[in-house]
Amino acid sequence: MKTYRYENSQKLFARAAKVIPCGIYGHFSPAPLIPTSAYPFYVERAKKAHFWDVDGNEFIDYMCAYGPMVLGYGYEPVDRVVREQVSQADCTSAPAKVMVELAEYLSDLVQGGAWSYFAKNGNDVTTYALMVARAATGRDRIVRVAGGYHGVAPWTQTDDHPGVTQADTSNNLTVQWNDPEGFKQLVSDHKGEIAAFIATPYHHPTFQDSELPAPGYWKSVQEICNREGIVLVVDDVRCGFRLDIRGSHAYFGFQPDLVCFCKAISNGHPISALVGVESLKNAASKVFYTGSYWFTAGPMAGALATMKELERVNGPKVMQARGKELTDGLADLARSYGFTLKVSGVHSMPFLRLVDDETFTLHQDWCAECTLRGAYFTSHHNWFLSVAHTSEDIKRTLEIADEAFQVVKKNR
Ligand SMILES: Cc1ncc(COP(=O)(O)O)c(C=O)c1O
């Protein structure tokens with residue numbers, strides 16, 4: 001197979017570095033894509049589960065825009081609805097009717113949900129969830145899980161990061177994942193001070209294996225929260241609609257008070273949602289929280305169409321099956337070359353790691369060799385499956401991966 005070259009990407013990046021801090025910042029920064037020379041930096045177009053970069057290279061995309069793409073790029077049944085809504089009304093002086101329809105739909109769909117509040121990004125709703133919890137309880141502190149990602153607002157970071165002050169994080173308490181005893185201890189040390197516990201449905205940090213909840217974990221956390229009047233917030237921004245269409249708490253069998261959605265909710269159209277239980281609606285209505293574009297109707301229509309389509313095709317089941325097909329195939333291939341490929345998390349959002357080299361270099365090299373041949377694999381982050389990934393895509397991916405294993409085996 002011919003390997004890709006990225007001349008146009010690199011030229012664009014050189015221009016970008018002069019006029020944009022970091023050239024490309026945030027989660028799209030090339031920094032963790034090691035070696036960066038193996039990765040494209042700019043996309044020209046995207047369709048179904050594929051994208052083409054500015055050098056004309058085609059990739060099967062296993063990052064799905066880091067989550068938002070769930071039905072496929074340019075998915076016409078959703079995009080048509082968005083275009084129709086935008087041609088009628090999008091950013092206007094009052095909300096469109098579709099906002100009510102979407103909230104009604106989510107109340108029926110999401111297990112335990114009674115109301116919805118819409119914004120744009122995941123961080124908008126994780127932050128709002130904590131404000132609602134504080135308004136409801138009159139308490140200041142929150143408990144979060146070490147290494148959990150909830151966005152980029154100062155409270156989500158640690159105060160050794162530039163631009164973050166101690167005051168920004170002074171109300172945060174931290175507990176380890178899967179440690180209900182540690183949580184119980186924190187609660188007893190800070191009796192009556194904790195407004196909320198926030199965590200993702202399962203633990204999916206970067207550069208590390210993902211960890212599912214241990215049996216009974218969520219039930220214990222829920223029980224402590226209910227007993228102590230602590231608001232239980234699930235950050236379903238990344239997992240939402242890839243595990244269970246009713247929310248990932250339905251998949252793991254517990255009931256939070258607030259659930260944060262974003263990523264997959266509208267197949268790439270910008271919208272996030274906080275869905276809450278009835279008893280917190282009054283507190284939610286007291287918090288002043290809004291944004292210039294939070295009422296745009298196109299993404300709301302897109303969300304409604306995306307949810308209905310995911311329900312119709314049983315999206316989470318399809319993605320889990322596709323992910324299993326992919327990761328089983330890759331693990332078998334690895335074995336045939338004498339390597340061990342560890343798969344963690346869930347099949348629709350797997351984290352993979354070649355465990356034969358503790359420095360991560362082997363895994364980085366293998367992901368890079370796959371990307372250079374058209375299977376877009378990052379080494380530091382969980383991957384994402386979509387409904388648009390076909391068995392043909394997976395077959396082609398396994399051919400690419402096979403050749404990449406040959407290369408890394410030879411180089412070792
Ligand atoms: C679990 C989780 N929470 C919150 C966020 C923040 O979402 P956003 O980047 O849309 O603000 C992310 C983004 O990756 C996430 O994965």
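Keep in mind the model is a prediction, meaning the values are calculated, not measured. Numbering of ligands and ligand atoms starts at 1, following listing order.
- Between the side chains of Asp328 and His347, not a single donor N or O lies within less than 3.5 Å of an accepting N or O.
- Checking each of Tyr376, Trp383, Tyr73 against Asp61 for a side chain to side chain donor-acceptor pair (under 3.5 Å) leaves exactly one that passes, namely Tyr73.
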Side chains of residues 276-294: which donor-acceptor pairs under 3.5 Å do they make with residues two or more places apart or in other chains?
| from | atom 1 | to | atom 2 | distance (Å) |
| --- | --- | --- | --- | --- |
| Ser285 | OG | Lys281 | O | 3.3 |
| Ser285 | OG | Asn282 | O | 2.6 |
| Tyr289 | OH | Asp124 | O | 2.6 |

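- Lys395 meets the salt bridge (charged side-chain N to carboxylate O under 4.0 Å, His left out) test with no other residue; sequence neighbours excluded.
- Annotation: side chain to side chain donor-acceptor pair (under 3.5 Å) contacts involving residues 238-247, sequence neighbours excluded, comprise His204-Arg238, Arg238-Asn382, Asp244-Arg246.
- A centroid separation of less than 6.0 Å is found between the aromatic rings of Tyr66 and Phe28.
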For ligand 1, find each of its N or O atoms that sits under 3.5 Å from a protein N or O atom, and tabulate the pairs with distances to one decimal place.
| from | atom 1 | to | atom 2 | distance (Å) |
| --- | --- | --- | --- | --- |
| ligand 1 | 3 (N) | Tyr149 | O | 3.3 |
| ligand 1 | 3 (N) | Asp235 | OD1 | 3.2 |
| ligand 1 | 3 (N) | Asp235 | OD2 | 2.6 |
| ligand 1 | 10 (O) | Gly122 | N | 2.8 |
| ligand 1 | 11 (O) | Gly122 | N | 3.3 |
| ligand 1 | 11 (O) | Asn123 | N | 2.8 |
| ligand 1 | 14 (O) | Lys263 | NZ | 3.1 |
| ligand 1 | 16 (O) | Arg238 | NE | 2.9 |
| ligand 1 | 16 (O) | Arg238 | NH2 | 3.2 |

